[in-house]
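Note that this is a predicted model, so its numbers are computed, not measured. Any value given below was found using the heavy atoms of this structure, including those in side chains, with hydrogens, waters and symmetry copies removed. Residue numbers run from 1 in the order of the sequence given.
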Amino acid sequence: MLQSDPDERLIYLACQHIFRGPNSQVRKFKTVKGLIKQNKLALTDILREYNIDRTSKVAKKLLAEEVFDSTLQAKIRFPELFDVSPAQSAEREASEAEAAREEANTVRGISDSQPSTEMVIVSHAEVESERTFGGNQLIPASCPEQETNTTLAIPSLYPVYINYRCQHLVLTTIQELLEESCFEFGQLHFPHLLTTKGWDCPEAVELTEWTKILSPNSTPPLNNLTPVDEFIGLLRELRHSAVHRLRKTAAGVERLAENAQLFLEALEDSTRSEKVESLRRELRTVIEELQRNKDLLEKRLVAQLKEIQKRRSELDVWEKNAREGMTREDLQCSKDIGELLESVVRRVKSKDPKAAESEPSVPDVSSDSLDSSDSEEEFLDAVLMTPQI
């Protein structure tokens with residue numbers, strides 16, 4: 001009988017964590033099989049159904065077609081694995097908005113603790129989130145894939161964050177570019193101020209100091225910089241996030257990078273603006289990869305929980321049948337023994353005592369009546385190994 005080929009989607013879901021990074025470049029069947037053997041414990045269900053050779057064959061095919069190279073390639077191949085329901089989208093937007101509000105409140109607290117000459121930070125994310133979600137009112141979280149009456153508890157992987165080390169490197173790099181650009185702008189338009197202050201290099205002036213100098217009342221006005229208050233506020237947010245090691249969502253980091261790019265364009269610093277733009281493009285690529293990976297992980301968890309629920313239901317039925325079977329057999333045994341006893345009583349009543357004694361009596365169900373080769377443990381093992389569903 002010919003066996004059907006393994007479902008490529010199942011193999012991808014099961015092996016996605018194995019063939020990532022350098023392992024995504026593996027192409028030899030022997031190496032693929034070796035990696036699957038190393039992870040056989042995590043692949044127990046797949047290997048039980050398809051065996052290691054058939055699983056390795058499909059994994060090698062997916063590797064050759066570069067499906068494991070990125071979640072973008074996987075999404076092109078298996079779009080259904082990355083589907084997001086409207087309820088999931090609403091929940092994620094709410095979590096991102098809530099994180100943005102918390103970040104804005106933290107930055108505002110830092111700003112309020114500064115001297116009174118500091119301007120109040122107006123966070124664009126906070127304004128947008130309040131406009132969209134109405135203050136603290138959030139869309140209720142709901143569970144994806146609710147095809148049954150049983151709700152699956154899916155922990156959310158949102159909002160999206162990038163590794164903090166990477167976040168800090170991105171923000172400090174942008175901060176350095178901004179400070180260099182501001183210093184060059186100052187050298188061009190108000191060199192006397194730099195000389196008076198003793199600022200002879202970009203490192204001598206902190207970004208927040210430039211936000212005071214480049215205020216709405218400063219001259220010359222910045223090129224196409226509107227609204228100035230919001231730009232200044234976001235520059236300070238970037239500085240506070242870098243200096244005070246504030247955790248930002250990936251969307252928050254991208255927003256700060258976008259603001260920095262626009263600010264550099266306002267300073268007519270095309271060189272540094274292009275650098276930040278390039279950084280933003282890479283950041284957007286990383287964020288999209290993270291989002292697709294989270295979608296995939298949540299989808300896989302849903303599938304796993306459904307299978308667990310199915311098996312749990314089968315075990316519940318097995319347990320119920322086992323309990324009912326014990327009670328039923330006990331009642332049947334009692335009935336059978338009772339009938340035998342009744343027949344003995346009737347014989348006793350109908351015959352003389354000496355004749356009754358020679359008749360067969362109730363059978364003695366003892367260990368001697370059992371085959372000596374069948375031990376109690378073997379009997380129990382046989383019962384437990386036979387699902388009665």
Show the numbers, then the answer: is there a side-chain hydrogen bond (donor to acceptor under 3.5 Å, both in side chains) between Q332 and D336? CA-CA 6 Å; Q332 185 63 46; D336 293 342; 2.9 Å; yes
Tell me, with the steps shown, if E80 and K75 meet salt bridge (charged side-chain N to carboxylate O under 4.0 Å, His left out). CA-CA 8 Å; E80 67 280 2; K75 186 173 184 178; over 6 Å; no
What's the verdict on side chain to side chain contact (heavy atoms under 4.5 Å, CB included) for T172 and H168, showing C-alpha distance, side-chain angles and the deciding distance? CA-CA 6 Å; T172 52; H168 185 68; 3.6 Å; yes
Test side chain to side chain contact (heavy atoms under 4.5 Å, CB included) applied to R328 and L331, step by step: CA-CA 5 Å; R328 184 173 58 251; L331 291 173; 5.8 Å; no
Worked verdict on K197 versus L193 for side chain to side chain contact (heavy atoms under 4.5 Å, CB included): CA-CA 6 Å; K197 295 285 188 178; L193 175 63; 4.0 Å; yes
Could you walk me through whether L62 and F19 pass side chain to side chain contact (heavy atoms under 4.5 Å, CB included), step by step? CA-CA 10 Å; L62 295 176; F19 300 107; over 6 Å; no
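T195 places a side-chain N or O within 3.5 Å of a backbone atom of P191 that can act as its donor or acceptor partner. For the pair N39 (side chain) and A42 (backbone), a donor-acceptor distance under 3.5 Å is absent. With S334 contributing its side chain and D330 its backbone, the two residues share no donor-acceptor pair below 3.5 Å. Between the side chain of E298 and the backbone N or O of L157, at least one donor-acceptor pair lies under 3.5 Å. Side-chain N or O atoms of Q167 include one that pairs as donor or acceptor with a backbone N or O of L246 at under 3.5 Å. Side chain of R239 to main chain of L207: no donor-acceptor pair is present (N/O by atom type, distance under 3.5 Å, no hydrogens or angles). With T285 contributing its side chain and R281 its backbone, the two residues share a donor-acceptor pair below 3.5 Å. A donor-acceptor pair under 3.5 Å is absent between the side-chain atoms of S181 and the main chain of L177, judged by distance alone. Between the side chain of D269 and the main chain of L264, no donor-acceptor pair closer than 3.5 Å is present. In terms of modelled atom types and a separation under 3.5 Å, the side chain of Q16 and the main chain of T71 share no donor-acceptor contact.
Atom CZ of R323 sits in a sparse spot, with 12 or fewer heavy atoms from other residues, nucleotides or ligands closer than 6.0 Å.
No side-chain heavy atom of L238 sits less than 4.5 Å from a side-chain heavy atom of N259. Between D7 and V58, every side-chain heavy-atom pair lies at or beyond the 4.5 Å cut-off. Contact annotation: the side chain of V170 approaches that of L279 to within less than 4.5 Å [non-hydrogen atoms, C-beta and beyond]. The side-chain heavy atoms of C15 and F68, taken from C-beta on, include a pair separated by under 4.5 Å. Residues F190 and T196 have side chains not in contact (no heavy-atom distance under 4.5 Å, counting atoms from C-beta outward). The side-chain heavy atoms of I174 and L178, taken from C-beta on, include a pair separated by under 4.5 Å. T208 is listed as a side-chain neighbour of H240, based on a closest heavy-atom distance under 4.5 Å. Side-chain contact between D200 and L194 is absent, with no heavy atoms from C-beta onward closer than 4.5 Å.
Rounding to the nearest 0.5 Å places CZ of R300 at 15.5 Å from CZ of R9. Here the CZ atom belonging to F185 is positioned 9.5 Å from the CH2 atom belonging to W210, to the nearest 0.5 angstrom. With values rounded to the nearest 0.5 angstrom, E206 atom CD is found 11.0 Å from R236 atom CZ. Between atom CZ of residue F29 and atom NZ of residue K60 there is a gap of 8.5 Å, rounded to the nearest 0.5 Å. Rounding to the nearest 0.5 Å gives a distance of 10.5 Å between CD of E254 and CG of L256. To the nearest 0.5 Å, atom CD of residue E184 and atom OG1 of residue T271 are 8.5 Å apart.
With respect to D45 and R48, a salt bridge is recorded, a charged nitrogen being found less than 4.0 Å from a carboxylate O. Salt-bridge check for E98 with R101: passed, with a basic side-chain N closer than 4.0 Å to an acidic carboxylate O. Electrostatic pairing of R255 and E237 counts as a salt bridge here, judged by a charged N lying under 4.0 Å from a carboxylate O. Under the 4.0 Å criterion applied to side-chain N and carboxylate O atoms, E209 and K212 are assigned as salt-bridge partners. Using a 4.0 Å cut-off between a side-chain N of Lys or Arg and a carboxylate O of Asp or Glu, K61 and E8 qualify as a salt bridge. Ion pairing between E277 and R280 fails under the 4.0 Å rule for side-chain N and carboxylate O. R312 and E307 are not joined by a salt bridge, as no carboxylate oxygen comes within less than 4.0 angstrom of a charged side-chain nitrogen.
I52 and I18 fall within the same hydrophobic cluster, defined by Ile, Leu, Val, Met, Phe, Trp and Tyr side-chain heavy atoms under 4.5 Å apart, directly or through other members. V253 and L169 fall into different hydrophobic clusters, where Ile, Leu, Val, Met, Phe, Trp and Tyr are joined by side-chain heavy atoms under 4.5 Å apart, directly or via other members.
When every heavy atom of Y161 is checked against every heavy atom of K248, the shortest pair comes out as CD2-O, 3.1 Å. Taking both residues in full, the closest heavy atoms of V32 and S56 are given as CG1-O, 3.7 Å, listed atom of the first, atom of the second, then distance. The nearest pair of heavy atoms linking I287 to A251 is CD1-N, 4.4 Å. Taking each heavy atom of S24 and D69 in turn, the nearest pair found is O-OD1, 3.4 Å. The two atoms that bring A242 and L171 nearest to each other are CB-CB, 4.2 Å, heavy atoms only. For the residue pair R77 and V67, the shortest heavy atom distance occurs at NH1-CG2, 3.6 Å.
When only modelled atom types and interatomic distance are considered, E289 and N293 share no side-chain donor-acceptor pair under 3.5 Å.
Ring geometry for F78 versus Y12: interplanar angle of 30 to 60°, hence tilted.
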